[in-house]
Amino acid sequence: MDPAANTPSTKNQSATCRGRFAPSPSGPLHFGSLVAALGSFLSIRAQGGEWLLRIDDIDPPRNVPGAADGILRTLENYQLFWDGPVFYQSQRFEAYAAALTQLASHSYPCGCTRREISAVSPNHRYPGTCRNGLPPGRQARSLRVYCGGQTLCFTDALQGRQCRQLDDDIGDFIVRRADGFYAYHLATALDDAFQQVTEVVRGADLLDATFPQLYLQQLLELPRPTYLHLPIAVTTAGKKLSKQARARAINDSPPGTVLSRALTFLGQPPPEELRGAAPGELLDWAIAHWQPACLPCSKTITTDADETGA
Ligand code: GLU
């Protein structure tokens with residue numbers, strides 16, 4: 001492992017803006033994740049900022065051996081080169097543990113199983129069973145953060161103003177899971193701050209995830225980046241492309257062709273003469289011609305069978 005890993009990038013300290021791509025190594029990159037990588041890359045490069053790569057490998061049961069390296073090779077193949085060393089969340093467990101100590105007065109042990117929660121709460125929002133202490137005979141499993149009646153808002157650079165009432169819309173959320181691993185929201189809020197990320201560009205499937213992250217930023221006094229949630233690619237059946245759903249990896253098609261499609265998906269179609277050109281040439285064009293106003297602001301876009309591998 002690179003000894004310099006997991007220290008904030010020192011290259012170009014004068015850059016004021018910093019974006020990131022944070023894939024989970026649960027499978028090879030598919031078209032949907034390429035769109036997220038490309039959107040965050042172009043947005044930050046068009047502003048002259050740094051683009052960081054973070055591997056969100058905090059979920060060992062879902063980590064697929066070799067997937068992280070495969071993602072790195074695929075990004076290189078598309079000439080989506082990142083700044084500084086690759087950051088691995090699996091090296092940050094001490095920081096996550098320290099944050100849990102800081103959150104002690106805002107969190108409580110919960111003994112509920114997922115099945116028990118969905119039996120009483122069809123939308124999976126936590127019903128508050130263990131909020132005032134574990135019911136008799138129950139063992140602590142996870143650790144949850146209390147969500148009060150506060151309304152949190154942010155202005156998404158693409159989807160517009162977003163507000164949620166923490167209690168009613170989000171519910172007390174997990175920061176340490178029943179299997180002892182740290183939860184995605186905790187690691188993301190901490191690492192976006194640690195990496196000095198100023199702009200989060202990711203798929204609209206994570207729009208609601210922004211609220212627990214904003215709340216943790218507030219509790220832990222972390223800076224708040226700006227957010228832009230891109231439409232996600234869905235199959236004609238309306239299903240999200242996801243690594244777990246075994247969406248076809250993009251490696252089988254020429255990178256210039258896939259990249260041209262991804263640019264078109266983002267409302268930035270390359271001129272006819274550049275369609276299918278080498279990735280470096282396409283990216284140079286796309287950085288120079290990046291038009292955030294042309295991004296489609298729907299939350300989903302249906303992609304054809306060729307891209308989904310259907
Ligand atoms: N690791 C998450 C994923 O692959 C994305 C995290 C984020 O962008 O906040 O879905």
Side-chain angles (χ1 to χ4, degrees), residues 6 18-44 50-64 66-72 74-75 80 82 86-93 96 99 154 156-159 162 170 173-175 177 181-217 220 222-234 239-247 249-250 266 299-300:
N6 297 348
R18 220 167 265 125
R20 51 61 159 189
F21 176 51
S24 306
S26 52
L29 276 198
H30 55 73
F31 184 75
S33 34
L34 177 74
V35 164
L38 182 62
S40 61
F41 175 90
L42 291 176
S43 175
I44 209 74
E50 292 185 337
W51 190 61
L52 311 180
L53 177 61
R54 181 172 82 219
I55 299 291
D56 284 0
D57 54 351
I58 38 158
D59 190 352
R62 276 184 48 208
N63 290 348
V64 169
D69 283 345
I71 290 171
L72 266 50
T74 304
L75 292 173
L80 290 165
W82 55 92
V86 182
F87 185 102
Y88 292 87
Q89 287 195 321
S90 54
Q91 300 205 338
R92 290 267 296 155
F93 287 175
Y96 306 150
F154 73 98
D156 187 277
L158 184 59
Q159 312 288 345
Q162 306 288 325
I170 306 293
F173 57 89
I174 287 182
V175 280
R177 304 175 350 178
F181 292 112
Y182 300 98
Y184 157 70
H185 294 311
L186 180 77
T188 301
L190 284 169
D191 290 341
D192 283 341
F194 184 70
Q195 292 187 282
Q196 300 172 25
V197 168
T198 56
E199 175 183 282
V200 172
V201 176
R202 59 187 176 187
D205 53 324
L206 292 171
L207 198 141
D208 275 335
T210 308
F211 292 95
Q213 293 167 24
L214 294 181
Y215 190 46
L216 288 172
Q217 286 159 8
L220 296 166
L222 303 172
R224 183 194 275 205
T226 62
Y227 290 92
L228 187 159
H229 287 89
L230 297 167
I232 55 162
V234 293
K239 290 230 164 64
K240 177 192 162 206
L241 305 191
S242 75
K243 301 189 201 89
Q244 296 113 292
R246 299 191 194 285
I250 44 186
L266 289 172
K299 296 220 176 76
T300 57

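In what follows, residues are counted from 1 in the order of the sequence shown. Atoms within a ligand are numbered from 1 in the order they appear, just like the ligands themselves.
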Enquirer: Of I174, L216, L190, which meets side chain to side chain contact (heavy atoms under 4.5 Å, CB included) against H185?
Expert: L216

Enquirer: List ligand 1 atoms under 4.0 Å from A22, heavy atoms only on the residue side.
Expert: 1 (N), 2 (C), 3 (C), 4 (O), 5 (C), 6 (C)

Enquirer: Should the pair R92 and F194 be classed as cation-pi, given the thresholds of under 6.0 Å to the six-membered ring centre and 45° from the axis?
Expert: yes

Enquirer: Got an N/O contact under 3.5 Å between Q213 and ligand 1?
Expert: no

Enquirer: Side chain of T300, backbone of I232: donor and acceptor closer than 3.5 Å?
Expert: no

Enquirer: Hey, which atoms in ligand 1 end up nearer than 4.0 Å to a heavy atom of P23?
Expert: 1 (N), 4 (O)

Enquirer: Looking at residues at least two apart in the chain, or sitting in another chain, which of them share a salt bridge (charged side-chain N to carboxylate O under 4.0 Å, His left out) with R20?
Expert: D192

Enquirer: Between T188 and ligand 1, does any nitrogen or oxygen pair lie at a separation below 3.5 Å?
Expert: no

Enquirer: Can an N or O of D56 be found at a distance shorter than 3.5 Å from an N or O of ligand 1?
Expert: yes

Enquirer: Please list, in number order, the atoms of ligand 1 under 4.0 Å from a heavy atom of R202.
Expert: 7 (C), 8 (O), 9 (O)

Enquirer: I'd like to check the ring pair (Phe, Tyr, Trp, His ring centres under 6.0 Å) partners of F93; sequence neighbours left out, ordered by chain and number.
Expert: Y182

Enquirer: Report, in ascending order of atom number, the atoms of ligand 1 lying under 4.0 Å from any heavy atom of R20.
Expert: 7 (C), 8 (O), 9 (O)

Enquirer: Is it true that a side-chain atom of S43 and a backbone atom of S40 form a donor plus acceptor pair closer than 3.5 Å?
Expert: no

Enquirer: Heavy atom under 4.0 Å from ligand 1: found in L206's side chain, backbone, both, or neither?
Expert: side chain

Enquirer: Tell me whether F21 reaches ligand 1 (any heavy atom closer than 4.0 angstrom to a ligand atom).
Expert: no

Enquirer: Heavy-atom distance under 4.5 Å between the side chains of F21 and L80, does that happen here?
Expert: no

